Structure formats: C-alpha cells, structure tokens
S.K.: 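Quick one: structure below, then a few questions.
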Amino acid sequence: MKLVVAIIKPFKLDDVREALAEVGVQGVTVTEVKGFGRQKGHTELYRGAEYVVDFLPKIKLEVAVVDDQLDRVIEAIQASARTGKIGDGKIFVSTLEQVIRIRTGELDHDAL
Ligand SMILES: Nc1ncnc2c1ncn2[C@@H]1O[C@H](COP(=O)(O)OP(=O)(O)OP(=O)(O)O)[C@@H](O)[C@H]1O
Ligand SMILES: [Mg+2]
C-alpha cells in the first residue's frame with residue numbers, strides 16, 4: 001500500500017476530487033495548509049493578487065491506495081491539478097505499513 005500526499009492549488013480541489021472518484025478512490029483527507037516551493041511564494045499569484053508573504057494557501061490531500069491503484073491515482077491528480085503555471089504543487093508517495101478500519105477491525109487491503 002502507498003500513501004499519496006498531494007499539495008495542490010485550492011481552486012483545483014473540486015476537479016481533483018472528481019478525478020479521484022473516477023479512478024475508484026474510496027476516501028480522501030483534505031487539509032488547508034500553507035507552504036512555499038522554490039520561488040518561496042514571492043512571484044506566485046493567488047486569487048489574482050501577487051502575494052507578498054512567504055507562505056501561500058494550499059490544499060493537502062492524503063489518499064491511501066493499494067499498489068495497483070497508484071499509477072492511476074497519480075495520473076488523476078496530476079492531470080486535474082495542473083495549470084502549467086508555477087505553484088501547481090507536488091505529489092509525495094510513501095510506503096504505507098498498515099491500515100485498520102476502526103469500526104470493524106479490518107486490515108490493510110480490506111480496510112481501504
Ligand atoms: N520540497 C518540498 N517539501 C514539502 N513541501 C513542498 C516542497 N516543495 C513544494 N512543497 C509544497 O508544495 C507547494 C507548491 O509547491 P510548488 O508547486 O510551488 O513547487 P516548486 O518546486 O516551486 O514548483 P514550481 O516551479 O512548479 O512552482 C508549496 O507551497 C509547499 O506547500
Ligand atoms: Mg513554486
């Protein structure tokens with residue numbers, strides 16, 4: 001299993017959610033975050049205005065997937081979150097050791 005963490009532009013959240021649903025994702029966690037990339041937030045536009053602060057509002061998505069879903073999930077996020085401009089975000093993938101559904105005690109693949 002893999003944990004996919006994606007940082008995206010906030011206005012792309014609906015598009016990404018739809019794209020993830022289309023590839024069969026069963027659950028997603030969404031958090032409002034702030035961050036900066038290699039431009040350090042300085043030249044990036046947010047809602048039409050140039051931000052003069054270092055940290056820009058972003059959305060963090062966390063999606064746990066089985067290994068054979070991974071490529072489709074990455075492609076879905078990349079295609080739906082991309083504008084082609086700086087600040088489109090990043091996708092981080094790491095190995096996920098264990099998943100437990102609290103209600104039933106189901107584990108791993110059965111819990112996703
Ligand atoms: N190395 C990193 N570690 C953790 N978070 C990061 C990292 N790089 C980017 N992020 C997060 O992703 C957000 C968007 O980054 P961004 O897309 O600007 O990356 P970039 O490397 O500057 O690429 P680009 O040149 O396309 O803007 C940042 O605001 C930050 O929240
Ligand atoms: Mg950047």
Side-chain angles (χ1 to χ4, degrees):
M1 298 171 293
K2 302 281 194 245
L3 181 64
V4 179
V5 176
I7 310 294
I8 63 167
K9 290 183 170 174
F11 79 95
K12 282 293 196 176
L13 178 58
D14 279 348
D15 290 347
V16 175
R17 182 180 49 76
E18 279 170 30
L20 287 172
E22 277 168 25
V23 295
V25 162
Q26 302 280 1
V28 179
T29 301
V30 176
T31 316
E32 292 180 8
V33 295
K34 291 179 179 176
F36 63 81
R38 59 186 175 175
Q39 293 86 12
K40 305 207 168 19
H42 283 303
T43 57
E44 209 178 305
L45 295 178
Y46 178 71
R47 296 196 171 164
E50 189 172 319
Y51 252 62
V52 291
V53 293
D54 284 0
F55 292 103
L56 287 167
K58 299 287 174 183
I59 292 286
K60 180 168 82 171
L61 295 160
E62 293 167 278
V63 193
V65 300
V66 295
D67 286 3
D68 52 14
Q69 267 186 312
L70 179 66
D71 290 348
R72 273 176 290 145
V73 165
I74 290 172
E75 283 161 23
I77 295 170
Q78 190 169 11
S80 59
R82 188 171 183 279
T83 69
K85 301 207 170 80
I86 58 170
D88 272 352
K90 279 185 193 167
I91 301 171
F92 304 96
V93 180
S94 41
T95 301
L96 186 56
E97 297 277 337
Q98 197 174 18
V99 180
I100 301 127
R101 175 172 285 118
I102 290 175
R103 179 175 61 86
T104 59
E106 289 165 290
L107 297 175
D108 299 343
H109 287 214
D110 294 333
L112 284 176

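In this text the structure is predicted, and so the values were computed from the model without any measurement.
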S.K.: Spell out, yes or no, whether Ile86 and Ile77 are grouped together once hydrophobic residues are joined by side-chain heavy atoms under 4.5 Å, including indirect joins.
M.R.: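 In one cluster with Ile86: Ile77, no.
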S.K.: Would you give the length of the straight line joining atom CG of Leu20 to atom CG of Leu13, rounded to the nearest 0.5 angstrom?
M.R.: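 If we round to the nearest 0.5 Å, Leu20:CG and Leu13:CG are 9.5 Å apart.
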S.K.: Say whether Val93 and Val16 are linked into one hydrophobic cluster, either directly or through other cluster members, by side-chain heavy-atom distances under 4.5 angstrom.
M.R.: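 Val93 and Val16: one cluster.
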S.K.: Look at the side-chain heavy atoms of Ile, Leu, Val, Met, Phe, Trp and Tyr, link any pair under 4.5 Å apart, and say whether Phe92 and Val66 land in one connected group.
M.R.: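 Shared cluster, yes.
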S.K.: Per the salt bridge (Lys or Arg N to Asp or Glu O under 4.0 Å) rule, what does the pair list look like for residues 65-84, sequence neighbours excluded?
M.R.: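 Those involving residues 65-84 do not exist here.
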S.K.: Kindly compute the distance separating CD1 (Ile7) from NZ (Lys90), expressed to the nearest 0.5 Å.
M.R.: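 Answer rounded to 0.5 Å: 10.0 Å.
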S.K.: Determine the minimum heavy-atom distance between Ile59 and Pro10, stating which atoms define it.
M.R.: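 Scanning both residues, the minimum pair turns out to be CG1-CA, 3.6 Å.
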S.K.: Using the salt bridge (Lys or Arg N to Asp or Glu O under 4.0 Å) criterion, which residues pair with Asp14? Sequence neighbours excluded.
M.R.: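 With neighbours one apart ignored, the set is Arg17.
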S.K.: Going by side-chain contact (heavy atoms from CB on, under 4.5 Å), name the residues that satisfy it together with Ser94, two or more places apart in sequence or in a different chain.
M.R.: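 Scan of Ser94 (side-chain contact (heavy atoms from CB on, under 4.5 Å), adjacent residues dropped) gives Leu3.
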S.K.: Measure the shortest side-chain to side-chain distance between Lys2 and Leu96 over non-hydrogen atoms and say whether it is less than 4.5 angstrom.
M.R.: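 SC-SC contact between Lys2 and Leu96 ruled out.
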S.K.: Which side-chain N or O atoms in residues 102-112 pair as donor and acceptor under 3.5 Å with protein atoms at least two apart or in another chain?
M.R.:
unit_1 : atom_1 : unit_2 : atom_2 : d
Thr104 : OG1    : Glu106 : N      : 3.2
Thr104 : OG1    : Glu106 : OE1    : 2.6
Glu106 : OE1    : Arg101 : NH1    : 3.0
Asp108 : OD1    : Val99  : N      : 3.0

S.K.: Taking salt bridge (Lys or Arg N to Asp or Glu O under 4.0 Å) as the test, write out the residues that go with Lys12, two or more places apart.
M.R.: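 Checked Lys12 against salt bridge (Lys or Arg N to Asp or Glu O under 4.0 Å); matches are Asp15.
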S.K.: Using the side-chain contact (heavy atoms from CB on, under 4.5 Å) criterion, which residues pair with Lys34? Sequence neighbours excluded.
M.R.: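 Per chain and number, Lys34 pairs via side-chain contact (heavy atoms from CB on, under 4.5 Å) with Phe55.
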S.K.: Of all the heavy-atom pairs spanning Gly27 and Val63, show the shortest one and how long it is.
M.R.: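 Smallest interatomic distance, heavy atoms only, reads O-CG1, 3.8 Å.
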S.K.: Is Ile8 close to Lys58 at the side-chain level, that is, under 4.5 Å between some pair of heavy atoms?
M.R.: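 Lys58 does not reach Ile8 side chain to side chain.
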S.K.: With a 4.5 Å cut-off on side-chain heavy-atom distances among I, L, V, M, F, W and Y, is there a chain of contacts connecting Val65 to Val30?
M.R.: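 Yes, one cluster joins them.
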S.K.: Is Val5 linked to Met1 within one hydrophobic cluster, defined over Ile, Leu, Val, Met, Phe, Trp and Tyr using a side-chain heavy-atom separation of less than 4.5 Å?
M.R.: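 Val5 clusters together with Met1.
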